[in-house]
Amino acid sequence: MTEKQNTVTYKIANVPGDGIGKEVVPEGLRVLDKVSSKFGIDFDFTDYDWSCETYAKTGAMMPEDGIDQLRPNDAIFLGAVGFPGVPDHVSLWGLLIPIRRHFDQYVNLRPVRLLPGIEAPVHGYNPGDIDMYVVRENVEGEYSEMGGRIFEGTDRETVVQETVFTRQGVDRIQRFAFDLAMTRSKKLTSATKSNGIIYTMPYWDERFAENGKDYPEVETDQYHIDILTVHFVARPDTFDVVVGSNLFGDILSDLGPGVTGTIGVAPSANINPEGKHPSMFEPVHGSAPDIAGKGIANPIGQIWSASMMLDHLGQPEAGAAILEAVQNVLKDPTSPKTPDMGGKYKTEDVGKAIAEAI
Ligand code: GGG
């Protein structure tokens, strides 16, 4: 960040990635351009064309010094990763996961909200009735490269995958969730599976009880992940902050937007809370190869991620202005909507309407 005569400049790494990432990121940039002129904020973007196409050409999703190239930025604005032709684990472990790990972005914050103008598969709720945060542990847990294969190709073929829970990793994500709950309705739910997963999940529960002692005002509950998915559908309005391991948080933060109508609007922030490294902002959805190239992807997940980026950079008014514009556009029955929201409009129509509304 640099400051010159009342104007702040942020260095942003722009990584559209694959599929619809390339279509929704320009709409995020359109909206950022609009807030830039309105709020006196400047962005110094550097574009990185790291993607499955790059992998096909070079054998790597990003160059060897990719992390060092990203390091001087204040934030990373990412679209989506993955495309047919490159195995999903190759694209994810070649780009998204190394960024999260190298920059210790151990919090993946994913809001779930019932927005106006979007029909949800669950009925009887008004906009705002469903309003929660899924706090996903983002650098360890089930997403671990510890393990391997032996006796490959024989009838003794054996595959082992280790889950890694560290005291530091579990405590810091749970405490982040408790702190967030303290700023909201002081209610926190923990996703567990300590009946079936015999070592890591009882440990998760033990630390949850221990960490909770420092937050006596926070009302807590915990559910096994299987029944928690049922409660997400049956009574989504009763959750406020939900904390889960890497895998459980990933699943719940797709389910939540599914319950509120469309994953196309869901944003996420991969945060290094200490600010030692750049944080990364990306929609929850992936590259959606089935609709890529048609220009009909919903840009709201990307645009809302831009709002979260501004909040994180210390520009909450600009962040709030984006979210307000999104809601105002959605509220208006005559405004453009993409097919996932029941409309017939294109990605750029929605992006332009939101930029206009700011
Ligand atoms: N928006 C980034 C993206 O492509 N997400 C899809 C995905 O599968 N992400 C895996 C993860 O969040 O761990």
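Counting from 1, the numbers follow the sequence of the chain as shown.
Val284 and Leu330 are assigned to two separate hydrophobic clusters, defined by single-linkage of ILVMFWY side chains at heavy-atom distances under 4.5 Å. One hydrophobic cluster, built from ILVMFWY side chains closer than 4.5 Å, cannot hold both Met201 and Tyr199; they sit in different ones. Linking Ile, Leu, Val, Met, Phe, Trp and Tyr whenever their side-chain heavy atoms come within less than 4.5 Å leaves Ile263 and Val112 in two separate clusters.
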Exercise for the section: Determine, stepwise, if the pair Lys352 / Asp349 fulfils salt bridge (Lys or Arg N to Asp or Glu O under 4.0 Å). Expected result: CA-CA 5 Å; Lys352 280 180 183 165; Asp349 299 323; 5.6 Å; no
Practice task
Step by step, work out the side-chain hydrogen bond (donor to acceptor under 3.5 Å, both in side chains) result for Asp42 and Thr7.
Solution key: CA-CA 7 Å; Asp42 267 356; Thr7 306; 5.4 Å; no
Practice task
Report the C-alpha separation of Asn270 and Glu282 in whole Å, then their side-chain angles, then the decisive distance to 0.1 Å, and conclude whether the side-chain hydrogen bond (donor to acceptor under 3.5 Å, both in side chains) test is met.
Solution key: CA-CA 8 Å; Asn270 301 266; Glu282 50 157 342; 3.0 Å; yes
Problem - CA sep, side-chain torsions, deciding dist, call: Ser194, Asp205, side-chain hydrogen bond (donor to acceptor under 3.5 Å, both in side chains) - result: CA-CA 7 Å; Ser194 45; Asp205 295 353; 2.5 Å; yes
Exercise for the section: Go through the steps for Glu142 and Ser245 under the test side-chain hydrogen bond (donor to acceptor under 3.5 Å, both in side chains), then give the verdict. Expected result: CA-CA 8 Å; Glu142 303 87 347; Ser245 64; 2.7 Å; yes
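Taking CD1 of Ile12 as the reference point, atom CG of Leu32 lies at 7.5 Å (rounded to 0.5 Å). Between the CG atom of Asp74 and the OH atom of Tyr10 there is a distance of 7.5 Å, given to the nearest 0.5 Å. To the nearest 0.5 angstrom, Ile67 atom CD1 is 5.0 Å from His102 atom NE2. One finds the OG atom of Ser185 at 8.0 Å from the CD atom of Glu219 (value rounded to the nearest 0.5 Å). Note that the CG atom of Asn246 and the CD atom of Glu140 stand 8.5 Å from one another [nearest 0.5 Å]. To the nearest 0.5 Å, the span separating CD on Gln315 from CG on Asp311 amounts to 10.0 Å.
Between the Thr338 side chain and the Ala297 main chain, no donor and acceptor come within less than 3.5 Å of each other. Here the side chain of Lys22 pairs no donor or acceptor atom with the backbone of Ala292 at under 3.5 angstrom. With Asn138 contributing its side chain and Gln105 its backbone, the two residues share a donor-acceptor pair below 3.5 Å. For Ser307 (side chain) and Gly319 (main-chain N/O), a donor-acceptor pair under 3.5 Å exists by modelled atom type.
Put simply, the side chain of Ile225 does not reach to within 4.5 Å of the side chain of Ile251, judged on heavy atoms. Between Pro127 and Leu115, every side-chain heavy-atom pair lies at or beyond the 4.5 Å cut-off. Ile303 places a side-chain heavy atom less than 4.5 Å from the side chain of Ile322. Under the 4.5 Å side-chain criterion, counting only non-hydrogen atoms from C-beta, Phe248 is not in contact with Glu137. In this structure the side chain of Met341 reaches within 4.5 angstrom of the side chain of Asn298, judged on heavy atoms. You'll find the side chain of Ile130 reaches within 4.5 Å of the side chain of Val122, heavy atoms only.
Environment of CD1 in Ile198: sparse, with no more than 12 heavy atoms of neighbouring residues, nucleotides or ligands closer than 6.0 Å. The neighbour count for Glu217 CD, taken as heavy atoms of other residues, nucleotides or ligands under 6.0 Å away, does not exceed 12. Few gaps surround CD on Gln69; more than 12 heavy atoms of other groups in view lie less than 6.0 Å from it. With a 6.0 Å radius and a threshold of 12 heavy atoms from other residues, nucleotides or ligands, Glu64 has its CD atom at or below the threshold. Summarising the local packing, CD of Glu317 is surrounded by 12 or fewer heavy atoms from other residues, nucleotides or ligands at distances under 6.0 Å.
Under the side chain to side chain contact (heavy atoms under 4.5 Å, CB included) criterion, Pro283 pairs with His285, Gln302, Ser305, sequence neighbours left out. Qualifying side chain to side chain contact (heavy atoms under 4.5 Å, CB included) partners for Ala13, counting only residues two or more places apart in sequence or in other chains: Tyr48, Leu70, Asn73, Ile76. For Lys346, there are no salt bridge (charged side-chain N to carboxylate O under 4.0 Å, His left out) partners two or more places apart in sequence or in a different chain. The salt bridge (charged side-chain N to carboxylate O under 4.0 Å, His left out) search around Asp226 returns Lys193, not counting sequence neighbours. With sequence neighbours excluded, the residues satisfying side chain to side chain contact (heavy atoms under 4.5 Å, CB included) with His89 are Pro87, Trp93.
Note on ring orientation: taking the six-membered ring where Trp is involved, the planes of Phe232 and Phe239 are tilted (angle from 30° to 60°).
The ring pair (Phe, Tyr, Trp, His ring centres under 6.0 Å) analysis of residues 293-329, with sequence neighbours excluded, yields the pairs Phe281-His312. For residues 114-132, every residue pair satisfying the salt bridge (Lys or Arg N to Asp or Glu O under 4.0 Å) rule, not counting sequence neighbours, is listed here: Arg113-Asp131, Asp131-Arg184. Applying the ring pair (Phe, Tyr, Trp, His ring centres under 6.0 Å) test to residues at least two apart or on different chains, none of the pairs has a partner in residues 329-358. Under the ring pair (Phe, Tyr, Trp, His ring centres under 6.0 Å) criterion, no residue pair touches residues 106-154, with sequence neighbours excluded.
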Show the atom names and distances, to 0.1 Å, of all donor-acceptor pairs under 3.5 Å that link a side chain in residues 172-179 to residues at least two apart or in another chain.
| unit_1 | atom_1 | unit_2 | atom_2 | d |
| --- | --- | --- | --- | --- |
| Arg172 | NH1 | Asp104 | OD2 | 3.2 |
| Arg172 | NH2 | Asp104 | OD1 | 3.0 |
| Gln174 | OE1 | Phe208 | N | 3.0 |
| Gln174 | OE1 | Asn211 | ND2 | 3.0 |
| Gln174 | NE2 | Trp204 | O | 3.1 |
| Arg175 | NH1 | Asn211 | OD1 | 3.2 |
| Arg175 | NH1 | Asp214 | OD2 | 3.0 |
| Arg175 | NH2 | Asp214 | OD2 | 3.0 |
| Asp179 | OD1 | Tyr215 | OH | 2.8 |

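Under the 4.5 angstrom side-chain criterion for Ile, Leu, Val, Met, Phe, Trp and Tyr, the cluster partners of Met146 are Val164. By the 4.5 Å side-chain criterion applied to Ile, Leu, Val, Met, Phe, Trp and Tyr, Ile20 is assigned to a cluster that also includes Ile291, Ile296.
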